[in-house]
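The residues of the chain are indexed from 1 along the displayed sequence.
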Amino acid sequence: HTPIIALTAHALVGHKQQCYDAGMNDYLTKPLNAEKLFTVMEGQLIKTALVVADNLVNQRVAIRILTDYGWKVASAENGQQALNACKELNFDLIFMDIMMPEIDGIEATRRIRKKEAINGRRGTIIAVSVLEKENQWSKCEEAGMDGFIKKPFTEEKFKKLLKDKF
């Protein structure tokens, strides 16, 4: 897919959202500087992922697989850290552990979806849980999650999920 980036010298209220609604991928205003342009272009060309897990072993496995596939990866240990990370970036993919301290994965997903509704960009959020899908999927789906993977996951299952979603 070829990203479309709107470039304008006359930003008006609501104009950015109109561009997103028209199918554009990003929005820039003049005057431009090289750093801002590069950041936007990189964000459109390199897929970004956030791995949210309080178990560092699971986190490291997911990060390794994603970086092997060429993704730019960030990590968070709980829902609050995930929300903070999502304030800075719009991730293409979020692997969200369901059971975590502070803010759980379901609530973090709800809040991320509210933010995405405002900025017009929607990433893919995958639920990660030790429980069977049947026990949790209705809550995950209601919160806005797009898929599910059971822990412990194998590298093969993880790669299959990536191929299915991307």
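The list of ring pair (Phe, Tyr, Trp, His ring centres under 6.0 Å) pairs with a residue in residues 5-32, not counting sequence neighbours, reads H15-Y27. Each ring pair (Phe, Tyr, Trp, His ring centres under 6.0 Å) pair with one or both residues in residues 32-81, not counting sequence neighbours, appears once here: W71-F166. Pairs engaging residues 105-127 under the ring pair (Phe, Tyr, Trp, His ring centres under 6.0 Å) rule: none recorded [sequence neighbours left out]. The list of ring pair (Phe, Tyr, Trp, His ring centres under 6.0 Å) pairs with a residue in residues 74-102, not counting sequence neighbours, reads F95-F158.
Scanning for salt bridge (Lys or Arg N to Asp or Glu O under 4.0 Å) contacts around D92 gives R121, with sequence neighbours left out. Under the side chain to side chain donor-acceptor pair (under 3.5 Å) criterion, S129 pairs with Q136, sequence neighbours left out. Among residues two or more places apart in sequence or in another chain, the side-chain contact (heavy atoms from CB on, under 4.5 Å) test is passed with P101 by D54, N78. Partners of K159 under the salt bridge (Lys or Arg N to Asp or Glu O under 4.0 Å) rule, at least two apart in sequence or in another chain, are E155. The salt bridge (Lys or Arg N to Asp or Glu O under 4.0 Å) test applied to K157 returns no partner, not counting sequence neighbours. Applying the side chain to side chain donor-acceptor pair (under 3.5 Å) test to K151 and every residue at least two apart in sequence or in another chain returns D97. With sequence neighbours excluded, the residues that form a salt bridge (Lys or Arg N to Asp or Glu O under 4.0 Å) with D164 are K160.
For M41, the CE atom counts as loosely surrounded, since its 6.0 Å shell holds 12 or fewer non-hydrogen atoms of other residues, nucleotides or ligands.
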What donor-acceptor contacts under 3.5 angstrom involve side-chain atoms of residues 56-63, with partners at least two apart or in another chain?
| unit_1 | atom_1 | unit_2 | atom_2 | d |
| --- | --- | --- | --- | --- |
| Q59 | NE2 | A53 | O | 2.9 |
| Q59 | NE2 | A76 | O | 3.1 |

* To do: Could you go through the side-chain hydrogen bond (donor to acceptor under 3.5 Å, both in side chains) check for D21 and Q17 one step at a time?
  => CA-CA 6 Å; D21 291 346; Q17 188 59 49; 2.8 Å; yes
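Checked for salt-bridge contact, E142 and K139 miss the test: no charged N lies under 4.0 Å from a carboxylate O.
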